[in-house]
Amino acid sequence: MSACVPARTADANHTERTHPPHSPPPSGPRRPRIASADVSAAVAVFLIALPLSLGIALATGAPLQAGLVAAAVGGLVAGRIGGSPLQVSGPAAGLTVVTADLIQQYGWRTTCAITVLAGLAQLGLGCLRVARGALAVSPAIVHGMLAGIGVTIAVAQLHIVLGGTPQSSVPDNLRALPSQLADVHPAALFVSLLTLTLLLLWPRLPGRAGLLLHKIPAALVAVAGATAIAAAAGLVLPKVDLPSWRNHALAGLPEGPVLGLVAAVLTTTLVCSVQSLLGAVAVDKLASARPGGARVARSDLDRELLGQGAANIVSGSLGGLPVAGVAVRSSANVHAGAVSRNSTMLHGVLVVAAALLMVPLLEFIPLASLAALVMAVGIQMVSLHHIRTVTRHREVLVYAVTTLGVVSFGVLEGVALGIAVAVGVALHRLTRTRITHELEDGVHHVHVRGQLTFLAVPRLSRALHLVPQGSHAVVALDGSFMDHAAYETLQDWQSTHTAQGGTVEITGRRSGVRIAEPSALASAHLTGVDAGADGASEAHCRCRPWTAWRNHQCERPSLLPDGDRRPDPADATDGGSGVDGGSGADGALGTAASRTAAHRTGTGAKDAAAGAGGADPTRAPEPDRDGAGAHAGAGAGAGSGGSQLVRGIGTFQRYTAPLVRGELARLAREGQRPAQLFLTCADSRVVTSMITSSGPGDLFVVRNVGNLVPPPGAESGDDSVAAAIEYAVEVLAVRSITVCGHSGCGAMQALLDSGPGGGAGTPLRRWLRHGQPSLERLGAGSAVPPRLTGRTPADAVERLCLTNVVQQLEHLRAHDCVARALKDGALELHGLYFHVGEAQTYLLTEQDEETVFDRVRAVDLAM
């Protein structure tokens, strides 16, 4: 019996599964229906939206019904048309100040017309597909704008909480606050404090009962509780007054100065668009971070802008407030488990029903309770987390100026001030370059910190001329950018200094990474990559994609006697094959882009994935500016393992992550769909992604000492391998399983040393007992031992390594899930042997009733 099923190049009858990768295939066509998770999420969002919509309408001075109109339109129109399935739109606290100013200046009907015009502007921006451009605004400006709006809301609502009436601006409200404190309305203050107390304590209820009660939104509990107590105590307070819908005011023709109206439309468009787009991005992050559950498509920002524009047109036409994405409701929607846009739309339906049927109940709510709720929302908009973030990134000045500008002058003026300060800070950072010269132990050190532009050339030239002729100099570049003027200055000085008998070492961010000559300087663009010990350029490095290895040693290709370069094994190896040597659906381990990138550059997973992410696969990898390139191993040899780890991760984040981020984001959305389970040894020299030219999402990998597969029922006390096999076959529905052994396996050497029976005194010895059947098979002599193509195994260890692969495949067949899949023809088994010293892979086949590991050659890839 063959040790593995023969490889297939393609299967014309094979049908790709369309069900999610972590669930069994569907039993049949599903009827369109609303998921129960969407229904429960819609109810939760509705209970939050109802009091908040009334409170925001109260804070703006608009008719209270306008908040309900905006909430309903935001759920139905923006929820149906928008590009963010889980974002909930409606009247937002961030629009409160803008809308209040418009109502005060132009009246309610003109404000509705401005909302319609802002919606038309959003439609135009969506058609121009400029939504991504809104994300270019500095987060410090956005957070500062929201903080300024929050301060304005809180100060204004404080007057209503105290039983008074707010003024038109923050300075006026602050000046009127002392007189308001002297004339406090006790009933209003009591209801407000009760609302705030319930709002604060409800999420902190302890115990199991608290966990159950937390499902009821705190905003609803606070308003309902304060209303019930006020009614029971017979307190006389101003309450919600919802006039008949027959008297509801609709939009009218805009009246006022043209420039003022244009500025109002631009302000409304800016605030609505930026808040909605940033909210959509935040919702994507929340949805992707949810453990388990259904996957939701990422937001289409241009479509989201179109949906918001349509919602504003409808809301303004029907006499509603401006509409934008609302963070509180959106986060509640995600956390409640919503899986589609149905939850948002159903919440809009519930708001319509409440507006028509619950008017008598809503009119019991005291205005002081709504004011306290909105004031709490305004305070929460001044986020300590955002302040810490902008402080850490040294943008607190931009945040503070924007916040003060919004509070003192208005939203549009505050944002304009923030943008101006942000541009000034960016220019200051670009031009701020520190250049120092020091003499240490006879060596002149010139250290450049910051971006090296033409503005810094005079200071760089002065520092370089402090270095005497014929001396040894080290120029350390600590920055990520150098323009042509600075590059020419540094190169000319280096040429002159070396011609006069001096020596120059140009390093990157860490010492030991040098550029040896001007030609190498020109080719590497001063990025800190070694040009080679003997002047060879980085282009001659045979292991370019893997120069971040700690143990890598760059090696010039040897020359043949006639001067030609000796053929590189990497040049003769195509990276497009799967383990089974095929190129079809069953043989390919990587995506088409991954195979193309690996074939053209001779890379493993890193560059294959980069190719899939959109990088040019024919271009040589960019030199490592962080110095973790050709000399990462040598430079880190004296350092700690932790520093090497951080250095490697930093290199990935800076150079590889931007190339693969798109592909990884897709995999995060869609879940893993690997074609293969790859079971191999934990040996550090066996890099599965490199020898299979695979990338993220291609392989489901299990590694252990000796690539062992404990048979079912083995007394191991460790079901991890069996669990991985079951998960891969039953849940992931992999199409093949590969057991890969390798040369020089320490586990096989330990088995030989221990002999039959072995020992069980340590965890390692107990684990290696699962390899005893391989040792017994090797010594039985009842069958012809496996061999390599064209030669016999080199020694006993290699014989045992080959035998172990065959034996573990038999253990694999003994697992029920594997046996069923093999019987159904849904699974293939493969044996693989990787010779580390030869960098050669051997595939298990059957030849003349012998078990043979045959070479996987370049010609096999054309199959």
Side-chain angles (χ1 to χ4, degrees), residues 16-23 82-87 126 129-137 139 142 274 276-307 325 327 330-331 333-335 337-341 389 588-598 603-617 621-622 648-675 689 693-701 731-732:
E16 292 285 347
R17 68 175 185 271
T18 58
H19 63 280
H22 297 293
S23 60
S84 181
L86 301 187
Q87 176 163 250
R129 306 186 68 82
V130 297
R132 288 282 173 186
L135 301 181
V137 179
V142 177
V274 172
S276 300
L277 295 177
L278 292 177
V281 174
V283 167
D284 286 343
K285 294 179 181 178
L286 289 175
S288 62
R290 286 191 303 190
R295 296 289 178 180
V296 182
R298 286 180 65 85
S299 299
D300 182 340
L301 297 184
D302 292 306
R303 179 179 172 182
E304 179 64 16
L305 205 54
L306 293 174
S330 300
S331 60
N333 193 36
V334 174
H335 291 148
V339 295
S340 71
R341 62 179 72 246
T389 300
L589 289 178
T591 61
S594 300
R595 293 195 300 271
T596 303
T603 82
K606 180 169 71 172
D607 282 278
D616 183 1
E622 183 178 0
I649 294 174
T651 301
F652 165 80
Q653 291 297 146
R654 187 169 186 179
Y655 299 110
T656 308
L659 299 177
V660 301
R661 185 168 289 119
E663 280 296 298
L664 292 179
R666 179 184 61 81
L667 291 173
R669 294 193 305 271
E670 299 175 359
Q672 60 169 330
R673 299 181 180 181
S689 56
S693 295
S694 58
D698 293 336
L699 298 181
F700 187 72
V701 181
V731 180
L732 299 179

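Just so it is clear, the values below take in all heavy atoms, side chains as well, and ignore hydrogens, waters and symmetry mates. FYI, the numbering just counts along the sequence from 1.
With S276 contributing its side chain and G325 its backbone, the two residues share a donor-acceptor pair below 3.5 Å.
Minimum interatomic distance between S694 and L699 (heavy atoms only, all atoms of both residues): OG-CD1, 3.4 Å. Between L732 and P674 the shortest heavy-atom distance is CD1-CG, 3.8 Å. Taking all atoms of both residues into account, the shortest heavy-atom contact from L86 to A287 is CD1-CB, 4.1 Å. The two residues L301 and L277 have their closest heavy-atom pair at O-CD2, 3.6 Å. Scanning both residues, R666 and E663, for their nearest heavy atoms gives NH2-OE1, 3.0 Å. Across every non-hydrogen atom of L667 and P696, the tightest pair is CD1-O, 3.4 Å.
With sequence neighbours left out, E304 forms a side-chain hydrogen bond (donor to acceptor under 3.5 Å, both in side chains) with Q87, Q308. Residues passing the side-chain hydrogen bond (donor to acceptor under 3.5 Å, both in side chains) test with S299, sequence neighbours excluded: S84, D284. In terms of the side chain to side chain contact (heavy atoms under 4.5 Å, CB included) criterion, residue partners of A665 (sequence neighbours excluded) are, by chain and number, R669.
Between atom CG of residue L306 and atom CZ of residue R129 there is a gap of 8.5 Å, rounded to the nearest 0.5 Å.
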